[in-house]
Engineer: 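Here it is, the structure, as structure tokens.
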Amino acid sequence: MKNILVTGGLGYIGSHTVIALQQAGFNVYIIDDLSNSQLEVWEKITAITGVQPIYYNIDLKDYNAVSVFFQSHKIDGIIHFAAYKAVGESVAKPLMYYRNNLLGLMNVLEAMEENQLDNFIFSSSCTVYGQADTMPINEMTPLKRPESPYGNTKKVGEEIIEDFIKITDKNAISLRYFNPVGSESKGLLGDLQIIPNNLMPYILQTAVGIRESLGVFGNDYETRDGTAVRDYIDVNDLADAHVKAIQRLLDGKNKSKLEFFNLGSGTGSTVLEIVTAFEQANNLKINYEIKPRRAGDIVQAYADYSFAKSELDWEPKTPLQISMQTAWKFQQQLDKVIE
Ligand code: UDP
């Protein structure tokens, strides 16, 4: 059995990936400092798969702690999610974001080198493309400076990995996600955002009555209905892509030492289309009001995932309707816990 370390494994995409790894027969170690996750997620993973992953609360900024972990475990591959991800907060606290996201990354890479480990998957984002000039976005689309320090930690993170890979014999894959949505089928795990950053948690909190209405940021964009276009991809599909990516490295099937893959549904949806999809999937009504454009927002971004399809044998499988239903299930589970 291969041992995979998942940093940030109690977070949204991380926890779904842990489940997918366990179901594919991997032995999973989780490192998570609980800065944006909860210990209960560990129990929920165990309840879903019947297997308890080994968990350590380690701050990746602490090199000694990272080094001790790697010295005492035999790790075959690393999937590195652990990072702060709130765009707005990153604008207000750029140094906190650069320190956490880049120092954590560098410490893991350093420990890989120190312990002669290989096979690194990086959790990146389509934010590295900024507002691309052409749609859909493929891996050859030129990168632009991201609008936020958060986004820039992903772009600089990729550059750090690239420079590191050049001088070592290591192999890495950077996965650039579009907008993750949905939850595992029981709704036990999801995108827990107490103060939301993203569209989906805002919709969920409006549906459940925590918020009176959803603010739709701008309806004067040059799009079908004037609202901005994104590519919403189910989190379970993203999790599967991580399993395929780590397997590719373990099997030595990668064609270069550092590969990049876009992971999206391939379909652009406007904000209002997502609101309608949520309403129809769950038979609910969402109050919304049109607000001014949000600073830093791009008009549109959607993926060409054909490279992931041909090389990783990956394609999105979950219809948007199902993602909308599992997301709502997750929100309802949360309320049960809070009551
Ligand atoms: N959005 C919105 N209302 C909200 C949150 C987001 O209209 O309360 C819009 C946002 O302007 C963008 C889209 O929904 O056009 C997706 O936003 P999100 O923050 O989820 O992702 P990102 O902008 O990072 O792709």
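Counting starts at 1 for both ligands and their atoms, following the listed order.
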Engineer: Please state which option from N219, V181, I203, L199 has its nearest heavy atom closest to atom 20 (O) of ligand 1.
Structural biologist: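 Checking each option, the heavy atom nearest atom 20 (O) of ligand 1 is found in L199.
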Engineer: On the 0 to 90° scale, with breaks at 30° and 60°, tag the F122-H80 ring pair as parallel, tilted or perpendicular.
Structural biologist: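 Because their plane-to-plane angle is under 30°, the rings of F122 and H80 count as parallel.
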Engineer: Report yes if the distance between the aromatic ring centroids of F69 and Y56 is under 6.0 Å, otherwise no.
Structural biologist: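 Yes.
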Engineer: Starting from atom 3 (N) of ligand 1, locate the nearest protein heavy atom and write down its residue, its atom name and how far away it is, to 0.1 Å.
Structural biologist: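 Result: G215 O, 2.7 Å.
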Engineer: Quick one: are the ring centres of F26 and H242 less than 6.0 Å apart?
Structural biologist: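 No; H242 has its ring centre 6.0 Å or more from that of F26.
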Engineer: Looking at every heavy atom in both N262 and Y129, which two are closest together, and how far apart are they?
Structural biologist: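 So the minimum-distance heavy-atom pair works out to OD1-OH, 2.7 Å.
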Engineer: Go through ligand 1 atom by atom and flag the ones less than 4.0 Å from a non-hydrogen atom of N197.
Structural biologist: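 The list of qualifying atoms is 19 (O).
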Engineer: Could you tell me which non-hydrogen atom of A86 sits nearest to which non-hydrogen atom of N197, and how far apart they are?
Structural biologist: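 Of all heavy-atom pairs spanning A86 and N197, the closest is CB-OD1, 3.4 Å.
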Engineer: With heavy atoms of L214 as the reference, note each atom of ligand 1 found under 4.0 Å away.
Structural biologist: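 Under 4.0 Å from L214, ligand 1 has these atoms: 8 (O).
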Engineer: Short N/O distance, under 3.5 Å, between F217 and ligand 1?
Structural biologist: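 Yes, at least one N or O pair falls under 3.5 Å.
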Engineer: Considering Y202, Y288, Y150, Y232, which one's heavy-atom position lies nearest to atom 13 (C) of ligand 1?
Structural biologist: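 Closest candidate by heavy-atom distance is Y232.
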Engineer: Once you measure the plane-to-plane angle for Y97 and Y150, does it fall in the parallel (<30°), tilted (30-60°) or perpendicular (>60°) bin?
Structural biologist: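 Correct class here is perpendicular.
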Engineer: Have S67 and E114 got a donor and an acceptor in their side chains that come within less than 3.5 Å?
Structural biologist: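 A pair is found: one side chain offers a donor N or O, the other an acceptor, under 3.5 Å apart.
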Engineer: Out of all atoms in ligand 1, which are within 4.0 Å of some heavy atom of V216? Include the element for each.
Structural biologist: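 Matching atoms, with element in brackets: 7 (O).
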Engineer: For ligand 1, note which part of T227 has a heavy atom under 4.0 Å away: side chain, backbone, both or neither.
Structural biologist: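 None of T227 does.
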Engineer: When you measure from atom 11 (O) of ligand 1 to every protein heavy atom, which one gives the shortest distance, and what is it?
Structural biologist: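 Answer, as residue, atom name and distance: D297 OD2, 2.4 Å.
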Engineer: Test the R293-Y221 pair against the cation-pi criterion, namely NZ or CZ under 6.0 angstrom from the six-membered ring centroid and within 45° of the ring axis.
Structural biologist: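 Yes - R293 lies over the ring of Y221, closer than 6.0 Å to its centre and within 45° of its axis.
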Engineer: Report yes if some N/O of V271 lies less than 3.5 Å from some N/O of ligand 1; otherwise report no.
Structural biologist: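 In fact, backbone or side chain, V271 has no N or O that close.
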Engineer: Identify the closest protein heavy atom to atom 23 (O) of ligand 1: which residue and atom is it, and at what distance?
Structural biologist: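 Here the nearest protein heavy atom works out to R294 NH2, 3.0 Å.
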Engineer: Students should be able to answer this: which protein heavy-atom is nearest to atom 21 (O) of ligand 1, and at what distance?
Structural biologist: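 The closest one turns out to be N179 ND2, 3.1 Å.
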Engineer: How far is atom 25 (O) of ligand 1 from its nearest protein heavy atom, and which residue and atom name does that atom have?
Structural biologist: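 The closest heavy atom on the protein side is R230 NE, 2.7 Å.
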Engineer: Verify whether one side chain among T227 and N219 offers a donor that lies under 3.5 Å from an acceptor in the other.
Structural biologist: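 Note: T227 and N219 side chains miss the donor-acceptor criterion.
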Engineer: Among all the protein's non-hydrogen atoms, which is closest to atom 15 (O) of ligand 1, and how far away is it?
Structural biologist: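 Residue, atom and distance for the closest contact: A228 CB, 3.2 Å.
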